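Note that the structure is predicted; figures quoted are calculated from it, not measured. Each ligand, and each atom within it, is numbered from 1 in the order the structure gives. Side chains included, hydrogens not; waters and symmetry mates left out as well; all remaining heavy atoms used.
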Amino acid sequence: MENTQFQDDAPLLKVRGLTRSYWARTGCAEVDLDVWPGEVLGIVGESGSGKSTLLSCLAGHLEADAGSVVQGGEDVLRLPEPARRRLMRTDWAYIHQHARDGLRMNVSAGGNVGERMMAGGARHYGSIRDTAADWLQRVEIDPARIDDRPTAFSGGMQQRLQIARGLVTAPKLVLMDEPTGGLDVSVQARLLDLLRGLVRDMGLAVILVTHDIGVVRLLADRLMVMRHGRVVEAGLTDRVLDDPQHDYTQLLVSSVLPA
Ligand SMILES: Nc1ncnc2c1ncn2[C@@H]1O[C@H](COP(=O)(O)OP(=O)(O)OP(=O)(O)O)[C@@H](O)[C@H]1O
C-alpha cells in the first residue's frame with residue numbers, strides 16, 4: 001500500500017545533480033534543490049553565476065548534461081517531447097523576463113489567455129472568454145481591452161498579461177526569470193505586489209531567478225545563492241539575507257557585486 005503520509009510530505013520537485021556545460025565553460029554544476037508545494041524558492045547570484053542555465057534546463061529550453069528533475073515520481077528530463085510540452089502548457093508555467101518572449105504579440109490579449117486554457121483542454125468559447133476577462137481584471141488590465149493586441153500595451157501591462165496567460169491554468173509550478181527586470185522602478189513595485197498577492201492566493205510553488213535582492217526579500221520563502229554555476233549557500237530567506245554564512249553571499253547582500 002502507498003504511504004500517503006509520505007506523499008503529502010514529499011517535495012513537489014526534486015532536482016539532483018543538474019549539470020550543464022558549454023564546451024569547457026560551466027553553466028551550472030551538480031545543483032540539488034527541492035521545491036515544496038506553495039513555496040517560493042529564490043535563486044540569486046551575479047551575472048554569469050548560472051541562474052538562467054539552471055532555469056532553462058528545468059524548463060526544457062536547454063538540454064542538461066546530467067542530473068534528474070523528479071515530479072510525481074517521474075523524471076521530467078526524460079519525458080518524451082510531447083509530454084514535456086504538455087506539462088509546460090498546463091501544470092507548469094514559465095514567465096520570461098521579456099513579456100514578448102512569453103506572449104503571442106499578434107494575438108489579442110483575450111486570445112493569449114484563452115489559448116493556454118485551450119491547451120489545457122477548455123473548449124467552450126463563452127466560458128473561455130469570460131475566464132480570460134476575469135484574469136485580465138485580476139492582473140489589473142481593463143477587461144474592455146480584451147480584443148487589443150499586446151503590442152498596444154505598455155511594458156508593465158504586457159508583463160501582467162504574460163502572468164495571466166501563465167497562471168490561468170492554475171499551474172503547480174511557476175518558473176520565473178527576472179519577472180520584474182527591465183521595468184521602471186514604480187512599475188516593478190506594482191508588479192511585485194501583484195505577484196505576491198497571486199502567489200499567496202493561489203498557493204503557487206515558484207522558482208524565481210533574479211539578481212535583485214529586493215525581489216527575493218519580498219517574494220521568496222527560501223533562497224539559494226549561486227556562484228560559478230554552483231550552489232554556495234541555501235536557507236530561509238531571512239536567515240540567508242540577515243546572517244549570510246558565505247563570503248560571496250555577504251558581498252551579494254551588501255550589493256558590492258555588479259548585477
Ligand atoms: N550560450 C552560451 N554559450 C556559452 N556559454 C554560455 C552560454 N550561456 C551561458 N554561458 C555561460 O554559462 C555561465 C552561466 O551563465 P548564465 O547565463 O546561466 O548565468 P546567469 O546567472 O543567468 O547570468 P545573467 O544574470 O547575466 O543572465 C556563464 O559563464 C556564461 O558565460
Contact with ligand 1 for [X], non-hydrogen, under 4.0 angstrom:
X	value
Leu55	no
Gly27	yes
His228	no
Arg25	yes

Same apolar cluster: Leu136 and Leu167, side chain cutoff 4.5 Å: yes

Hydrophobic cluster identity match, Trp135 and Val174, side-chain contacts under 4.5 Å: yes

Stepwise side-chain contact (heavy atoms from CB on, under 4.5 Å) test for Val225 and His246: CA-CA 9 Å; Val225 182; His246 195 285; over 6 Å; no

Atoms of ligand 1 close to Thr26 [distance to a heavy atom under 4.0 angstrom, numbered from 1]: 12 (O), 13 (C)

Contacting atoms of ligand 1, where contact means under 4.0 angstrom from a heavy atom of Thr53: 14 (C), 15 (O), 16 (P), 18 (O)

Under 3.5 Å side-chain donor-acceptor pair for Glu233 and Thr249: yes

Any side-chain donor near an acceptor of the partner, Arg116 and Thr169, under 3.5 Å: yes

For atom 25 (O) of ligand 1, the option (of Lys51, Glu178, His211) bearing the nearest heavy atom: Lys51

Options Ser47, Ser56, Ser21, ranked by nearest heavy atom to atom 24 (P) of ligand 1, top entry: Ser47

Arg123 side-chain N/O to Met118 backbone N/O, donor-acceptor pair under 3.5 Å: yes

Side chain, backbone, both or neither: Glu46 near ligand 1, heavy atoms under 4.0 Å: backbone

Under-4.0 Å salt bridge between Arg86 and Glu81: no

